Structures are given as structure tokens and as C-alpha cells.
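Source: prediction; values computed, not measured.
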Amino acid sequence: MNRCLQLAKLGQGNVAPNPMVGAVIVHNDEIIGEGYHEKFGEPHAEVNAINSVQDKSLLKEAMIYVSLEPCAHFGKTPPCANLIVTHQFKKVIIGSRDPHSKVDGKGVLILKKIISM
């Protein structure tokens, strides 16, 4: 989770009014992907982390760490919670819930239906 927070800081000054978010993907105790929300209106941390993974077949056996609850609504980008479910991650670790009314707990509910948390 510390690495997620380090990555999130890289978005400082570029993502407002959205929050800074970092994501790290781990397979067999090894980081295989990471990303952060780089710029407002562009892909979120989870998308960038998934896109950074060379062998996508490993995602089903991997864990994803995200500093903030994945979004659960369509805005400028599709819901990250749905993307995580699509890739069938083994486990999701979330640093904190997103207090935004469109997300607050909804991303967690989507993920709990399918994935271990």
C-alpha cells in the first residue's frame, strides 16, 4: 500500500478535482504492474496498472492494491470496479473507501460479489 501512495503522489497537480490514486498488482509476491491516475479525464490508476502488466493471463492469480476504492459509475471513464471484476483478480486490497456520493461503498459492493477482499 505504501507503493500505491508513492505512485498516487505522482498525479499531484494534474488530477483535480479527482483524488490522487495509485495501484499496484502483485503476483507471487512480485510486483508485475503499477499505475496512478496521471491526468484528469484520463484512465484511472487501476487501468494504468492493468495496462502495464505484460502477461495479462497472470491477473487471475494476482492481487491488486488500490489506495482508494475503485469507482463504480460511468463518468469520463468507465467504472474501475467493473474492470477489476472482468480481469478476475484473486484479491483486492483497498486503502480507503471513496467518500464521493457516486462511489462511497458501491465499488466495494461490486467487488465483494465476485472477488475476495
Side-chain angles (χ1 to χ4, degrees):
M1 194 55 70
N2 284 333
R3 181 63 180 148
C4 288
L5 297 174
Q6 290 172 344
L7 291 166
K9 287 180 185 177
L10 297 174
Q12 189 169 17
N14 297 314
V15 299
N18 288 351
M20 296 179 293
V21 180
V24 175
I25 299 172
V26 177
H27 179 266
N28 290 339
D29 296 324
E30 204 172 303
I31 293 175
I32 62 168
E34 56 184 31
Y36 65 98
H37 186 194
E38 297 175 16
K39 189 173 180 184
F40 176 73
E42 293 185 4
H44 292 176
E46 302 91 328
V47 174
N48 290 329
I50 290 167
N51 288 342
S52 77
V53 175
Q54 290 185 344
D55 184 354
K56 303 283 191 283
S57 70
L58 297 177
L59 296 177
K60 289 181 182 182
E61 303 167 3
M63 296 171 44
I64 185 168
Y65 292 79
V66 185
S67 60
L68 186 69
E69 175 181 4
C71 63
H73 65 285
F74 283 88
K76 293 192 181 305
T77 63
C80 292
N82 291 355
L83 179 65
I84 291 170
V85 168
T86 298
H87 285 286
Q88 301 175 336
F89 281 87
K90 182 172 73 174
K91 191 167 189 170
V92 180
I93 308 296
I94 298 170
S96 67
R97 280 180 52 171
D98 188 334
H100 191 285
S101 62
K102 290 184 178 178
V103 182
D104 192 14
K106 296 174 182 84
V108 170
L109 286 175
I110 289 169
L111 295 170
K112 278 188 174 182
K113 290 179 184 176
I114 307 293
I115 297 170
S116 171
M117 295 186 69

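In Asn14, the CG atom is crowded: over 12 heavy atoms of neighbouring residues, nucleotides or ligands sit closer than 6.0 Å. Dense packing is recorded around NZ of Lys56, with more than 12 heavy atoms of other residues, nucleotides or ligands lying under 6.0 Å away.
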Verdict with reasoning, Asn18 to His44, per side chain to side chain contact (heavy atoms under 4.5 Å, CB included): CA-CA 10 Å; Asn18 288 351; His44 292 176; 4.2 Å; yes
Verdict with reasoning, Arg97 to Asp104, per side chain to side chain contact (heavy atoms under 4.5 Å, CB included): CA-CA 6 Å; Arg97 280 180 52 171; Asp104 192 14; 2.9 Å; yes
From CA spacing to verdict: side chain to side chain contact (heavy atoms under 4.5 Å, CB included), Ile31, Tyr65: CA-CA 10 Å; Ile31 293 175; Tyr65 292 79; over 6 Å; no
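There is no path of hydrophobic side-chain contacts, each under 4.5 Å, that joins Val92 to Val103. The hydrophobic clustering, which links ILVMFWY residues whose side-chain heavy atoms are closer than 4.5 Å, places Met1 and Leu10 together. Residues Met20 and Val66 do not share a hydrophobic cluster, defined by chaining ILVMFWY side chains whose heavy atoms lie under 4.5 Å apart. Under the 4.5 Å side-chain contact rule for hydrophobic residues, Ile84 and Ile110 share a cluster. In the hydrophobic clustering of this structure, Ile94 groups with Leu68; members are Ile, Leu, Val, Met, Phe, Trp, Tyr whose side-chain heavy atoms approach within less than 4.5 Å, directly or through other members.
A distance of 10.0 Å separates NZ of Lys106 from CG of Asp98, quoted to the nearest 0.5 Å. Ile25 CD1 to Glu34 CD: the interatomic distance, rounded to the nearest 0.5 Å, is 9.5 Å. Atom NZ of Lys60 is separated from atom NZ of Lys90 by 14.5 Å, given to the nearest 0.5 angstrom. Here CD1 of Ile32 is found 7.5 Å from CG of Asp55. Values are rounded to the nearest 0.5 Å.
In terms of heavy atoms, Glu46 sits closest to Cys71 at OE2-N, 4.5 Å. For the residue pair Gly33 and Ser52, the shortest heavy atom distance occurs at CA-OG, 3.2 Å. Across all non-hydrogen atoms, the minimal contact from His37 to Lys39 is NE2-O, 3.1 Å.
Contact check for Phe89 versus Leu111: no side-chain heavy atoms found under the 4.5 Å cut-off.
For the side-chain contact (heavy atoms from CB on, under 4.5 Å) with Ser67, the lone residue among Val24, Val21, Leu7 that qualifies is Val21.
Checked by atom type and distance alone, the side chain of Thr77 never pairs as donor or acceptor with a backbone atom of Pro43 at under 3.5 Å.
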